[in-house]
Number of protein chains: 2
Amino acid sequence: MLIEEARKGYANDLVKKAAEFENISLEKFLRLISHGYVVMPKNVLRDTAPKAIGMMCSTKVNVNVGTSIDHVNLDEEVEKVRVAEKFGADAVMDLSTGGDLDAIRRRLIKETRLPFGTVPIYQAARGCRIVDMSEDDFFEVVEKQCRDGVDFMTIHAGVNWESVEKLKRAKRLVGIVSRGGAITLAWMLHNEKENPYYKEFDYLLEILKQYDVTISLGDAYRPGSIFDADRVKLMEYVVLGELVERCRERGVQCIVEGPGHVSIDLIEPSVKAMKIATNNAPLYLLGPLVTDVALGYDHIAAAIGAAIAAKAGADFICYVTPSEHLGLPTVEDVKEGVIAAKIAAHAADLIKNEKAKEWDYEMSIARKKLDWEKQFKLSLDPEKAREIWSRRRSNYACSMCGDLCAIKIAEKFFEISL
Amino acid sequence: MLIEEARKGYANDLVKKAAEFENISLEKFLRLISHGYVVMPKNVLRDTAPKAIGMMCSTKVNVNVGTSIDHVNLDEEVEKVRVAEKFGADAVMDLSTGGDLDAIRRRLIKETRLPFGTVPIYQAARGCRIVDMSEDDFFEVVEKQCRDGVDFMTIHAGVNWESVEKLKRAKRLVGIVSRGGAITLAWMLHNEKENPYYKEFDYLLEILKQYDVTISLGDAYRPGSIFDADRVKLMEYVVLGELVERCRERGVQCIVEGPGHVSIDLIEPSVKAMKIATNNAPLYLLGPLVTDVALGYDHIAAAIGAAIAAKAGADFICYVTPSEHLGLPTVEDVKEGVIAAKIAAHAADLIKNEKAKEWDYEMSIARKKLDWEKQFKLSLDPEKAREIWSRRRSNYACSMCGDLCAIKIAEKFFEISL
């Protein structure tokens, strides 16, 4: 188990590679893993690529794929995984809720070496009328997915009776928008029972530990409107912080998930509060979306939020696509989403570590030299960059400024800079 | 002249409308205009829509249109103006450098009531080999464009001999990327003369004042790489601050322009420094782009920077399109660019004034009710939102979650929130 090996000072090859990639000394890197400040999601059964998430590491990007009951097309989901990887995703989650979920998961996990995540309760709820799940169903699905090699799993273990009372008093505008959170709450309220994942958290950890699966503690109460970025959310982090401690005691790697819809002034304080409540657990954010009105363009609202969050300390960013709030994303949406998230992650990495700057340095030099091939090669999407440049062939540098190109004028009439 | 009328306590209809729109008392609004903290660009010859830019006002968005020597298509530029206005632009600048510049400008200005801006030196430089311009050419083109009804003009009056020396010592990576700045510097260095706009600034103000044209003080030294966000830029703001003071003394409305390429941690301090140096002049930012590598997706890198800048105090945002650094934008690029900038501006406005929240409130309620028609109507781009939602017809709420929709689950099994 990675965390226990790290505590003993042992580093396997993957750990060494990750430390080198992150430009952190091995000794320091092992210490970060020992404390749970950095995780490397990897199921013992799987040959997962080394991806370190957390303190001092570069910001990682996750891409969600998966079917829904309305739209099941396995080839398309496979293509999404490929596109995600091509454009720089660091992890993939299968959120399928339609079709043969076992077959889909087993097929998608073979498509990539990136850390692979799931939300097991979707599968548990799919087989029945949600509230009819048995307590065993909650755990059996986790174990089955562990056996399939899943590297990390979102589990909404922070929902408990106490929090339900708090939610009632909060008078939210949109209420619950977390799918896993809504399923868990529906089950609890209908059956008048405590959330099994919360009640039997140690048992859950036992299962995960056998496979060294990383738990990603879901935020059931994440706001679905900027008006819902409220105290319920903070309360959940207090509970999640307690669970983080139990994960660390048990030697199970854990991540904490975060919102959602948050106005721009509250992102930094929220991220810092989450870091305090969870004693620096690696933080995995969806968005945050900085406005509710960007329907069709939520990847942009999310990129703004993600950049600010990553600057403030978020470690892992879940992409958002232009289809958010509207429908299952297409392959093209996946591409748009991952590129927007990569821009946000990189913008934050530029101030987190010197190494990230090399990319911008190379691009700036190529720009100064008007070296177009080099610029395309260095861009996030060389095909698109070349297409835009080519569509209006220019006799000069590019068709934007033509002969009135600042760089060409400087070259011709003066040259102060280089 | 607006600023002088405001100083006398007189408010015309446009001023009253703008004050009402911005939700500022008329008395306070007149005071803001008197101090130069708020401007309303409007040429005395033109029936321009009331748009207030500056302190306490909502964040405004500018869209650049215009030909280049490689691509002259007046119909396309007209269409860009229409699209810009349709998707919420607050101002339009004609940056044409190809074709019959007078005819293009006169045609475009008729297309819209939005404040209309230009960069006169482009036209002055177009007629000759840049360095051959006479000193008179600098001013004649300004006067001609004033007569055409242009409401605001970018003029790089802050470039002077002293700053050239500072630039030499700065050893920049990319150097000068401001087109107007490069033209001005080329002329100065070739002719070994001071910048006429700087030397004869009072004369320039005299011309502008006759037509009550707002001067937008261009930032010739704006960084073209995150590595160039340096002291030269700060130095320019000190000079621009002096010019702002002279504008205010003369009763000429003025705006100050800003960068450019700036890493995410330096945006807030840069904006605050600009506000200090210019005594709270309305601040007009291009970007800032938070990374150099987002070729083809610079509208997203700019949206991140613009949101952070507007939160810190930027008042006026110049859109950036996916074509930035690559070519003259298409009509579709204009649309993408203006929507990205509007998202950034609105994200900041949500924390600047209560009124901006009404939009998100309505959207959140519609989302909670799964009222799709209302959501489309409230979105930035109803056609696109509807198209995404429709392309995968769902029997449930939408094809993203299908029957596992959190809102539907809450509705069916519990209802705590509303």
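Just the heavy atoms: all of them, side chains too, but no hydrogens, waters or symmetry mates, feed the values below. The sequence lines fix the lettering, A, B, ..., with proteins before strands; numbering per chain opens at 1.
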Can you tell which part of [X] gets under 4.5 Å to a heavy atom of chain B, answering side chain, backbone, both or neither?
X: A:Arg179; answer: both
X: A:Met363; answer: side chain
X: A:Ile339; answer: side chain
X: A:Arg391; answer: side chain
X: A:Asp228; answer: neither

Stepwise salt bridge (charged side-chain N to carboxylate O under 4.0 Å, His left out) check, A:Asp349 with A:Lys357: CA-CA 8 Å; A:Asp349 284 349; A:Lys357 288 187 180 170; over 6 Å; no
Side chain, backbone, both or neither: which part of [X] has an atom under 4.5 Å from a heavy atom of chain A?
X: B:Thr330; answer: both
X: B:Leu380; answer: both
X: B:Ala366; answer: neither
X: B:Trp187; answer: neither
X: B:Ile351; answer: side chain
X: B:Gln375; answer: both
X: B:Arg126; answer: side chain
X: B:Ser178; answer: backbone
X: B:Leu350; answer: side chain
X: B:Glu336; answer: side chain
X: B:Pro382; answer: neither

Residue pair A:Lys369, A:Glu362: steps toward the salt bridge (charged side-chain N to carboxylate O under 4.0 Å, His left out) verdict: CA-CA 11 Å; A:Lys369 292 183 178 164; A:Glu362 292 298 315; over 6 Å; no
Among [options], which residue has the highest count of heavy-atom pairs closer than 4.5 Å to chain A?
options: B:Thr97, B:Asp403, B:Val177, B:Val290; answer: B:Asp403
options: B:Asp381, B:Asp70, B:Leu378, B:Thr291; answer: B:Asp70
options: B:Ile388, B:Val293, B:Val131, B:Ile304; answer: B:Val293

[atom1]-[atom2] distance between [X] and [Y], expressed to the nearest 0.5 angstrom:
X: B:Glu387; Y: A:Leu326; atom1: CD; atom2: CG; result: 10.0 Å
X: B:Leu266; Y: B:Ile226; atom1: CG; atom2: CD1; result: 9.0 Å
X: B:Ser163; Y: B:Lys168; atom1: OG; atom2: NZ; result: 10.5 Å

Using only heavy-atom distances, determine whether the side chains of [X] and [Y] contain a donor-acceptor pair under 3.5 Å.
X: A:Asp360; Y: B:His261; result: no
X: A:His325; Y: A:Asp298; result: yes
X: A:Tyr122; Y: A:Ser96; result: no

Residues that A:Glu411 engages under side chain to side chain donor-acceptor pair (under 3.5 Å), provided they are two or more places apart: none
Which residues share a side chain to side chain donor-acceptor pair (under 3.5 Å) with B:Asn73, sequence neighbours left out: none
A:Tyr297 side chain reached by B:Ser379 side chain, heavy atoms, under 4.5 Å: no
